[in-house]
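Worksheet: the structure to be examined is printed underneath.
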There are 2 protein chains.
Amino acid sequence: MKDRLQLVTFTKGELVLDANQVSTKSYFIRKGILRTYFLKDGKEISEYFCSKDEWINSPKSFMQRKTDIYYIDAIETTEAFSLHVNDLVYLFDHFPEMERYSRLSMGTIFGHLMERIASMRFASAKEKYIHFCESYHEIYHRIPLGMIASYIGITQETLSRIRAEK
Amino acid sequence: MKDRLQLVTFTKGELVLDANQVSTKSYFIRKGILRTYFLKDGKEISEYFCSKDEWINSPKSFMQRKTDIYYIDAIETTEAFSLHVNDLVYLFDHFPEMERYSRLSMGTIFGHLMERIASMRFASAKEKYIHFCESYHEIYHRIPLGMIASYIGITQETLSRIRAEK
DNA sequence: GTGATTATTTGATCTAAGTCAAAAGTTTTG
DNA sequence: CAAAACTTTTGACTTAGATCAAATAATCAC
């Protein structure tokens, strides 16, 4: 197992995955922050952020072995263990109980996504920001304002004003 | 297998799952429309709609065997096959290849959810409506206006005006 | 360390969509 | 089939947040 995980380091700003590549590796972060984003009208829209003890990849691309619209980059210099999709398949083949574990954790991730959809629809800009800070309370202060704004779907200016007021 | 699937009928308006129950069954719809919703300030907010040849349940509740905030009801009189979670587990145990299939289809569902999050953030009310009609093109005309409005996160009045203008 | 980028703040408008209220249309049900 | 109960439309008004523009502030690279 050990040799299937490779320790890699990405420097701040480095591109981890380009949107025209298939996401063949999952990264388990030891230190730092990685972020998934996509481009809309030439601007970067942040999709989510991952930090210590979390796995990151481009889900659809990784699971279906085809390209998707998502990029991954490093917001801070980051150390992570990388696991190749083939090795993951090997693990699933040899440890069938992993499938069950993976299926269960999907329930959790689903819950998060659905909650996020709910919060996107009915919250004011300020509530969205508060919700963001709560769901990323460990790292929200390490993420640049502009990236947070695009994550929650408001402009930088509005977010700057929200922060100023309290 | 056959005896694990039960054909059930729900009349229009009937509650299929109450939020204080654990979702122990998945329904595969043969005819009609079922809908997942939750309550916010006493109002029903539609989460998604399912029709012919689709499976519906309360995902987090179903996968983790605990209650969640979602209700399911019938928008039209609906015929569906119900499959109990225990029987599904039985199938997973006896047909390991199902796990793989399920894991792969998760990729697709993930893609849909992520796309929806993206569309919620940057679309105008009109674009959200168009996006809704596209993703539910088979059934969008059978869903009441108010439910569509809450699904896409705008008011009924605004949706009514959008429809009027074109 | 200093000039050059890049990120954030502040100010002045503008507009899409929300709110409240009431009228018109549809469905349901006894 | 008529009254009641919903659903949808229309109107007048308000407001949160977008846009455009320019001034600071912070960070990076040589």
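As the structure is a computational prediction, the values presented were derived from the model and not from experiment. Chain letters run A, B, ... following the sequence lines, proteins first and then strands; every chain starts at 1.
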Given [options], the nucleotide with the shortest approach to the side chain of [X]:
X        : options                : answer
B:Pro144 : C:dT19, C:dA17, D:dT8  : D:dT8
A:Thr158 : C:dT10, D:dA18, C:dA17 : D:dA18
A:Glu157 : D:dT10, D:dC20, C:dG18 : D:dC20
A:Leu145 : C:dT9, C:dA17, D:dA12  : C:dT9
B:Thr155 : C:dT19, D:dA18, C:dT8  : C:dT19

Problem set entry | Step-by-step salt bridge (Lys or Arg N to Asp or Glu O under 4.0 Å) determination, B:Glu76 to B:Lys12 | CA-CA 4 Å; B:Glu76 298 176 348; B:Lys12 183 174 179 175; over 6 Å; no

Exercise. With sugar-phosphate meaning primed atoms plus P, OP1 and OP2, does A:Leu159 contact a base, only sugar-phosphate, or nothing at under 4.0 Å between heavy atoms?
Worked result: nothing

In whole angstrom, give the distance that lies between atom [atom1] of [X] and atom [atom2] of [N].
X        : N      : atom1 : atom2 : result
A:Arg163 : C:dA7  : CZ    : C1'   : 11 Å
B:Arg142 : D:dT7  : CZ    : C1'   : 19 Å
A:Lys12  : C:dT6  : NZ    : P     : 13 Å
B:Ile152 : C:dG18 : CD1   : C1'   : 14 Å
A:Ile148 : C:dT8  : CD1   : P     : 8 Å
A:His141 : C:dT8  : NE2   : P     : 15 Å
B:Tyr129 : C:dA17 : OH    : P     : 15 Å
A:Gln156 : D:dA25 : CD    : P     : 17 Å

For this session: Please confirm whether B:Arg35 makes a cation-pi placement over B:Tyr48, using NZ or CZ under 6.0 Å from the six-membered ring centre and within 45° of the ring normal.
Result: no

Exercise. Charged N to carboxylate O under 4.0 angstrom, B:Glu165 versus B:Lys126?
Worked result: yes

For this session: Classify the side chain of B:Arg161 versus the base of C:dG18 as yes if they form a donor-acceptor pair under 3.5 Å and no if they do not.
Result: no

Problem set entry | Between A:Glu115 and A:His131, a side-chain donor and acceptor under 3.5 Å | yes

Exercise. Going by the angle between their ring planes, with limits at 30° and 60°, are A:Phe132 and A:Tyr136 parallel, tilted or perpendicular?
Worked result: tilted

